[in-house]
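We use all heavy atoms of the structure for the numbers below, so side chains are in, but hydrogens, waters and symmetry mates are not.
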Amino acid sequence: MTTTQTPDTLHRILDYSSRPDPYPLYAELRETPVARQEDGSYVVSTYRELADLLHDPHLSSDVRNLAHPMPSHEGESTPAFINLDPPEHDRLRRMAMRHFGPPHTPGLVAGMDDDLTAVVNSLIDGLAGKEQIDIVDDFAYPFPVTVICHLLGVPREDEPRFHLWVDALVNAIDYNPKTDPKEKLESGLQARKDLRQYLGGLLEQRHGRPGEDLLTRLANDDGPDGRMTDDEIIATANLLLVAGHETTVNLITNGMLTLLRNPQVLQRLRDEPGLAVPLVEELLRYEPPVHIIPWRAAYSDITVADTVIPKGSQIMLMLASGSRDPDRFHDPDRFDPDRRDNQHLGFGSGIHLCFGGPLARRETQIALTELVRRLDRPRLVTDPPPYRRSPVLRGPIHLHIEQNTG
């Protein structure tokens, strides 16, 4: 098998003009499951190879294991566990999950249903009488920030500051040095610094005090792995905030766009609220919020689809391409909420399976169910809508819809 292909397909995927519909280009890419690029990196695009690599201990998430490490804007701060390898990754993730999900806190997400529904309906109440709505600005963007503030224990009066920091951080994710003013990056870096300082202040108040919020639990946990340092808690909170926020915004927005393009499914969801669970799983396959893991590093020489990838190589994992692979999914370009055996790659897989996935799923299930129930004959204003610049975290930057107001 030849493993060298011209980089044209990848470059076209990364080009902003492809953002509305990269899927035909992913099909092109899958013709060469493992493709070496001119810079020595490797692109993997087929389901079987992606699933294997996501569980392969010879792949590293630590930038220090790249032969040519990429620049980082993290400075000297403690990295989040998503950027670490075992055993350190496993220790920190275990400590975080004790307070976020099974087996130690099995009812956390399910116990938030009433609060999530209340936030959703409050936001939808604010849309009453508006003929035109931006699903992103008016709904999908503020919803997860409010939820994460509640989860972390951020005082309600501080939420506006939190929203401003998230705005700056998210804008910096899409920073393009060729087209964007330098202030966009500097604003994101300052927001990161301010947010860390703020969370550090909250943590100081939580040590030795009882409380049910995540920061308090982490600050006072003496489990079998010991206690996280304050820097590790702040890095975990940042991960939940930034990664969790962007994932949920894109999932809700892509979901509403897909429903408006498939009105028969929208009507089914209105009539059958229980459809939300399989529907969101199909969204994670069909229009996922995360399209690409930009890099992993090879710990040693590894063989993937008869291709030897040398130690230290950068490997790009095209998750959204794998979830549309016809060798794994029947009729993959059709949106089918009744699909069975839907083991998509929407939240990744393996030891780095999305930490906040259960919460993002539940937020999206409730959000879409309530939107289709309460909006009056919603319809798209522009299709395709304008997209965020990022090919990694792909979703509309605005989704304008009209509804009946009479």
Side-chain angles (χ1 to χ4, degrees), residues 72-83 96 100 115-116 119 122-123 126 134 136-177 180-206 211 213-219 228-253 289-290 354-356 359-360 363 388-390 392-393 395 397-398:
S72 171
H73 300 305
E74 292 286 339
E76 298 301 315
S77 61
T78 302
F81 59 75
I82 196 174
N83 295 319
F100 195 73
D115 290 332
L116 296 178
V119 175
S122 174
L123 289 167
D134 182 352
V136 178
D137 285 352
D138 296 336
F139 184 84
Y141 202 85
F143 174 36
V145 181
T146 302
V147 173
I148 289 170
C149 284
H150 172 74
L151 191 65
L152 292 175
V154 172
R156 292 296 296 269
E157 61 270 20
D158 288 346
E159 281 190 27
R161 296 166 66 195
F162 225 76
H163 280 251
L164 292 174
W165 289 325
V166 171
D167 283 346
L169 285 169
V170 169
N171 283 335
I173 289 172
D174 287 347
Y175 176 69
N176 183 339
D180 292 334
K182 193 176 179 183
E183 291 77 18
K184 183 176 180 180
L185 178 62
E186 290 172 346
S187 177
L189 293 174
Q190 185 61 48
R192 183 189 298 277
K193 181 180 176 182
D194 292 344
L195 181 59
R196 285 181 180 275
Q197 187 173 2
Y198 172 79
L199 289 171
L202 281 186
L203 269 178
E204 283 182 20
Q205 302 168 18
R206 306 298 165 87
D213 61 86
L214 191 58
L215 284 178
T216 300
R217 290 181 178 212
L218 289 172
M228 281 190 189
T229 66
D230 281 6
D231 283 345
E232 289 168 345
I233 295 173
I234 291 169
T236 300
N238 265 295
L239 173 62
L240 184 65
L241 173 65
V242 179
H245 180 267
E246 274 299 273
T247 300
T248 308
V249 172
N250 287 347
L251 188 55
I252 292 171
T253 308
V290 180
C354 180
F355 169 61
L359 178 58
E363 287 175 308
R388 300 179 187 278
R389 296 213 65 85
S390 174
V392 174
L393 298 164
I397 192 167
H398 298 291

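- Counting heavy atoms from C-beta outward, Val147 and Leu359 have side chains that approach closer than 4.5 Å.
- The two residues Leu214 and Phe100 come nearest to each other via the heavy atoms CD2-CD1, 4.4 Å.
- In this structure, the separation between OG1 on Thr236 and CG on Leu215 is 10.0 Å, given to the nearest 0.5 Å.
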Kindly indicate, with the supporting measurements, whether the criterion side-chain contact (heavy atoms from CB on, under 4.5 Å) is fulfilled by Val166 and Ile148.
-> CA-CA 11 Å; Val166 171; Ile148 289 170; over 6 Å; no
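- Heavy-atom minimum distance, Ser390 versus Leu393: OG-N, 3.1 Å.
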Working for side-chain contact (heavy atoms from CB on, under 4.5 Å), residues Val136 and Arg388 = CA-CA 11 Å; Val136 178; Arg388 300 179 187 278; 4.0 Å; yes
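- With sequence neighbours excluded, the residues satisfying salt bridge (charged side-chain N to carboxylate O under 4.0 Å, His left out) with Asp158 are Arg161.
- Applying the side chain to side chain contact (heavy atoms under 4.5 Å, CB included) criterion to Ser187, with sequence neighbours excluded, gives Ala168.
- In plain terms, the two heavy atoms of Pro289 and Asn250 that are nearest each other are O-ND2, 3.5 Å.
- Here the OG1 atom belonging to Thr78 is positioned 11.0 Å from the CD1 atom belonging to Ile233, to the nearest 0.5 angstrom.
- Looking only at atom types and distance, the side chain of Asp194 has a donor-acceptor partner in the side chain of Gln190 under 3.5 Å away.
- Residues satisfying the side chain to side chain contact (heavy atoms under 4.5 Å, CB included) test with Cys354, not counting sequence neighbours, are Phe347.
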Start with the C-alpha distance between Phe81 and Leu239, add both sets of side-chain angles, then the distance that settles side-chain contact (heavy atoms from CB on, under 4.5 Å), and finish with yes or no.
-> CA-CA 8 Å; Phe81 59 75; Leu239 173 62; 3.8 Å; yes
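- Atom CD of Gln197 has 12 or fewer heavy atoms from other residues, nucleotides or ligands within 6.0 Å.
- In plain terms, the two heavy atoms of Asp230 and Leu203 that are nearest each other are O-CD1, 3.7 Å.
- In this structure, Leu199 and Ala237 approach most closely via the heavy-atom pair CD1-CB, 3.9 Å.
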Step by step, would you call Leu152 with Leu202 a side-chain contact (heavy atoms from CB on, under 4.5 Å)?
-> CA-CA 10 Å; Leu152 292 175; Leu202 281 186; over 6 Å; no
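- Between Trp165 and Tyr198, the ring planes are tilted. Angles from 30° to 60° get that label.
- Atom CE in Met228 sits 13.5 Å away from atom CZ in Arg217 (nearest 0.5 Å).
- Partners of Glu159 according to the salt bridge (charged side-chain N to carboxylate O under 4.0 Å, His left out) rule, which considers only residues two or more places apart in sequence or in another chain, are Arg156.
- The line from CD of Glu183 to CD of Glu186 is 6.0 Å long, rounded to the nearest 0.5 Å.
- With sequence neighbours left out, Asp213 forms a salt bridge (charged side-chain N to carboxylate O under 4.0 Å, His left out) with Arg206.
- Of all heavy-atom pairs spanning Tyr141 and Val145, the tightest one is O-CG2, 3.7 Å.
- Here Val119 pairs with Leu123, Phe143, Thr146 under the side chain to side chain contact (heavy atoms under 4.5 Å, CB included) rule; sequence neighbours left out.
- In this structure, CZ on Arg196 lies 7.5 Å from CG on Asp231, to the nearest 0.5 angstrom.
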